[in-house]
**Student:** 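I have a structure here, written as C-alpha cells, and I will follow up with some questions on it.
None of the values given here were measured: they were computed from a predicted structure. All chains are named by letter (A, B, ...) in the order of the sequence lines, taking the proteins before the strands, and each is independently numbered beginning at 1.
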Amino acid sequence: MLFNSIDFAFFLPIVFILYWFVLNRNLKLQNLLVIAASYVFYGWWDWRFLSLMLFSTIVDYSVGRLLKNTSGQTKRRLLLLTSIIVNIGFLGFFKYYNFFVDNFTAAFSFFGRPINSHSLHIILPVGISFYTFQTLSYTIDVYKQKIEPTKDFLAFSAFVCFFPQLVAGPIERAINLLPQFYSKRVFDYSKAVDGLKQILWGLFKKIVIADNCAEFANHIFNNSSEMNGSTLLLGVIFFAFQIYGDFSGYSDIAIGTSRLFGFNLMRNFAFPYFSRDIAEFWRRWHISLSTWFRDYLYIPLGGSKVVISKQIRNTFIVFVVSGFWHGANWTFIVWGALNAIYFLPLLLTKSNRNHIDIVAKGKNIPHFKDLILMLVTFSITLFAWIFFRAENISHAFDYISTIFSISVFEFPTFVGIRRSLTTLILILLFILIEWHGRENQYAIEKLMLKQNKLVRYSMYYSLVLVIFWLGGDKQEFIYFQF
Amino acid sequence: MTRFVLKVIQFIFPLLVIAIMLEVLTRHLPADSYQIARKYIDENKDSIEMIILGTSHNTSGVNPNFINVKSVNLANGSQPLEYDHFFIQKYVEELPNLKYILLEYSFHSLYYNPLSTKSWRAYYYNKHFDCNLNVNRFSIKKISDFLIQPDRNITRLYNYYINQRAQSENRVDTKGWELMDGNFNGNSYEEVMYSGEKKYRNYWKDFFKEENKKLNMNYLKEIFSLCRQKGIKVIVVTPPVFKSYSNFIRQDKYQIMQSVIQDFKTKYQFEYYNFFYDDRFKMADYYNHNHLNGPGSTKYSLILNEVVTQHWYASDH
C-alpha cells in the first residue's frame, strides 16, 4: 500500500480508531493490531511475500532466544551466522542472483570460455533490504549483549513489520524501537498533531516536489542522447530533488504516522543539501542506513582506530557495500565508490568532523564561505547522482560527456519546458522553506507557530491545496525498489 | 484523544465540503464529447455500421450526418492509435452490425505519444468506455471528475455557472462530430502562412521518437489483423491540411509514413485515401492549419461518403 493512495487514506483512520478507541486498554491486543495492520499493508502489494517476512521474524526471534541460553562462543557464533545467512541469503537471492549470474557469464565469455547460464525472473519483495537489516541489527546486538533478547514474540513481530517504516525505513534499531512495544501507550495530543504536520509535509515533498521532478528527470534521462548539455544538467538537478523529496518525504510520513500511534522513530534526513562537505552530507542523508553501516560494518572492521591505510580500505568497503545495497547494478557500486573518493581528502586531513552543527545556526543567511562549500558539495553530489540514476555505466559516461560539452551553454530544450519552470519555482520555494526550518526536525515543525490560528490554518490549507492542485503524476516511491 | 479526532474532523470538514461541492458541480456540467458519443452508441447499438476513429482532424472533419452509412464519430482530440485499437477491440464484439472502420492516419500518427496516467483524456476513456488503459490504480484522480484537471475544470465551472456561457462541448453533435467554427480568425493568407511557418518550422524537432513509432506500428498491425479476422473493412484516410501546415512538415518522415501504410496495405488489403495535399480543399475550408471548419467538413464528409457508398457499400448490397 502506498502512503499517497486512497487505500491508505481509509486504512490509517480505521487502524487509528481501532488502536486508540477499541484496544487501548490492552497492550497485547494493540501490538496484535499493529501486526495485523502491517501484514495487510504489506500484503496489499503482494501477499505471497508475507511468508518471507514471517519466516525471517521466526528465525531471528528464535536465534535471539537461543543466544540467551547459549554460553559457548562457538555455538553463539554459529547462531549469529544462521541469522546472517538466512537474512543475507534471502536478500542475495531476490536481489543479487541475476546480477552475479550475468556478471560471471560475461566474465567467462571475456576470457574466451563462454558458459550457458540461466537468469531467473525474480520479483524483488518490496522493503526486503530494510526489514532484513532491521532484524539483523537485533541479532547482532543480542549477540554482542548490547540488548536483552525479547521473550515477547508479539512485540518482536510488531518491531519487524511495523507498517509505517516497513518498506522504506527508517531502518530502526531494536534498542530504540523494541522497548516501545513493551510499554503502555499513552495518547499525547501535541505529539499526534505534530505527527499530522509531519505527514502533511512529507506528502508535499513526495507529491509536489518529487513527483513533478520525476516527470522531467525520467524524460530527460530516458532521452538523454537527443538532448543538449544544459538540458541534461537540468535533468540531474530534477533528479536530485526527486530522490530527496521522494525518500525524505516517505520518512516524514513514516515518522509522522508512527507518532500518531505513540511511537518515536529515528530521524532519517536532516537537510542534507545544506551540507558543507561530503562527510556532513552522509551524516544528514539516509541517517538510519549510514549509522547502520557505521555500527555493523565500519566499526567491526576497525573503524577509525586503525592505521590510515586501513581506514581508507574501511571507508571504501562501507561506501561500495552501501552502493551495492541500493541495487544490483554497477552504477550503484560506482556511485558508492565515488562517494568514498569524495570522502578521502577529509579522511586524510582529519577534517571529516568539521561541520557538525547545521549551517548558519541562528542566522538567516550563511557566510559566503559556507555558501560556496554548500554549492560545491551539492555539485559533487549531483555528479554522483548521474551514476545512481543512469541505466548503466556507459549511459552515465555519455550523459556526463554531454554535460561537459559546449552544448551546456545552449538553451535547454525539451517538451514541457513551461511546466518545468513551474516545477523549478516550486523547488525554489521548497528550498526556502527548508532553509528557514533547518534547525528543526522537519522544515515546517515550528513554521508560523507563533502566528495566530487563522494564519497557521491558512498555511496548512494552502499546503493541502497545493498537494491536490500541483501534484505530479503519481509515482512509486523510489526506495521501494531497494 | 477525542479532542484530537474532533480537531481533525474540524480541519477536514471544510475541505470535504468544498471538494464535494466542486465534484457535484463538475459532474453536472453539460456532457463531454466522450459521453455524447457513448450515449449515441448505446442508443443505436444494433444499427451502427461504421465507426470513425482518429484525432481531432477526424472529430471536426468527418460529419456522420453526411454519410449514408449509419456512423458514429469516436475520434477525439489527441487520440492515439492505442485508443483506436481499444475501440475496435470493444466494438467488433458489441456492435452486431458493424461493417466499416474509418481510421485516420495523419502525418503525426506514427509518432504520437501514448497517453500517460496523468492524462485527463485517459480518465474520460476509463469513465465512459470502461477502458482500463493508463489509469493509476487507487489514485484519487481516478474517481474525481474535478481533480482530474482542476485548472481546466475551474474555468469550465466559472464559464458555465457564473458567466452563464455554454460549454465548448456543446459544439459536439449527437453523433460525435465537433464543429470548429471560424476561418483562421479572419487572418489573411500571408498572415496564415507566416504563422504556420513560425509554428511548424521547429515543431518537429523532438517529435519523431522511434519508440513511439514502434508502438504505434504495432497497434496498426493489430487493428488490421483483428479487422481482417472479424470481416470488418478498414478505410484508412489521411485528412486534408492547409499549406501552412503541409509546407513545413519533414518530407523524409512523410515518405516513411507513406511507405509504412503501403506496406500494411499490401499485407492486409485495405483501401487508403490520402487527402494530405488535396487541392480541392481551399483556405476557406479550414478552421486552422490542420483542422477543417464547418463547410470544409461538409466537403470532406461528402467525399468520404462517396468513397464508402460507391466503393464499399455498393459492393456489399
**Student:** What is the minimum heavy-atom distance between B/Arg3 and A/Tyr189, and which atoms define it?
**Tutor:** NH2-CE2, 3.3 Å
**Student:** What is the distance from atom NZ of B/Lys209 to atom CG of A/Asn222, rounded to the nearest 0.5 Å?
**Tutor:** 10.5 Å
**Student:** Can you check whether anything in residues 16-23 of chain A gets within less than 4.5 Å of chain B, heavy-atom wise, and list it by number?
**Tutor:**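 Against chain B, the residues of residues 16-23 of chain A that fall inside the cut-off (heavy atoms, under 4.5 Å) are A/Phe16, A/Trp20, A/Phe21.
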**Student:** Stepwise, does the side chain to side chain contact (heavy atoms under 4.5 Å, CB included) test hold for A/Leu260 with B/Phe4?
**Tutor:** CA-CA 10 Å; A/Leu260 288 179; B/Phe4 175 75; 3.7 Å; yes
**Student:** Only counting residues at least two apart or in another chain, list the ones meeting side chain to side chain contact (heavy atoms under 4.5 Å, CB included) with A/Asn392.
**Tutor:**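 For A/Asn392, the residues satisfying side chain to side chain contact (heavy atoms under 4.5 Å, CB included) (neighbours in sequence not counted) are A/Ser394, A/His395.
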**Student:** What residue pairs, at least two apart or across chains, pass salt bridge (Lys or Arg N to Asp or Glu O under 4.0 Å) with a residue in residues 189-198 of chain A?
**Tutor:**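 Those involving residues 189-198 of chain A are A/Asp194-A/Arg259.
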**Student:** Which pair of non-hydrogen atoms, one from A/Tyr461 and one from B/Phe11, has the smallest distance, and what is that distance?
**Tutor:**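 That closest heavy-atom pairing would be OH-O, 2.7 Å.
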**Student:** Would you mind checking which part of A/Asp188 comes under 4.5 Å of any heavy atom in chain B, side chain (CB onward), backbone (N, CA, C, O), both or neither?
**Tutor:**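 When you check distances to chain B, no heavy atom of A/Asp188 falls under 4.5 Å.
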**Student:** Quick one: pull up CG in B/Leu22 and CZ in A/Phe468 and give me the separation to the nearest 0.5 Å.
**Tutor:**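 Rounded to the nearest 0.5 Å, the CG-CZ separation comes out at 12.0 Å.
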**Student:** Is there any side chain to side chain donor-acceptor pair (under 3.5 Å) pair reaching into residues 19-30 of chain B, and which pairs are they, with sequence neighbours excluded?
**Tutor:**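 Non-adjacent pairs meeting side chain to side chain donor-acceptor pair (under 3.5 Å): B/Glu23-B/Arg27, B/Glu23-B/Ser144.
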**Student:** Between B/Lys7 and A/Tyr457, what is the shortest heavy-atom contact and its length?
**Tutor:**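 It is CD-OH, 4.2 Å.
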**Student:** Does B/Asn185 have more than 12 heavy atoms from other residues, nucleotides or ligands lying within 6.0 Å of its CG?
**Tutor:** no
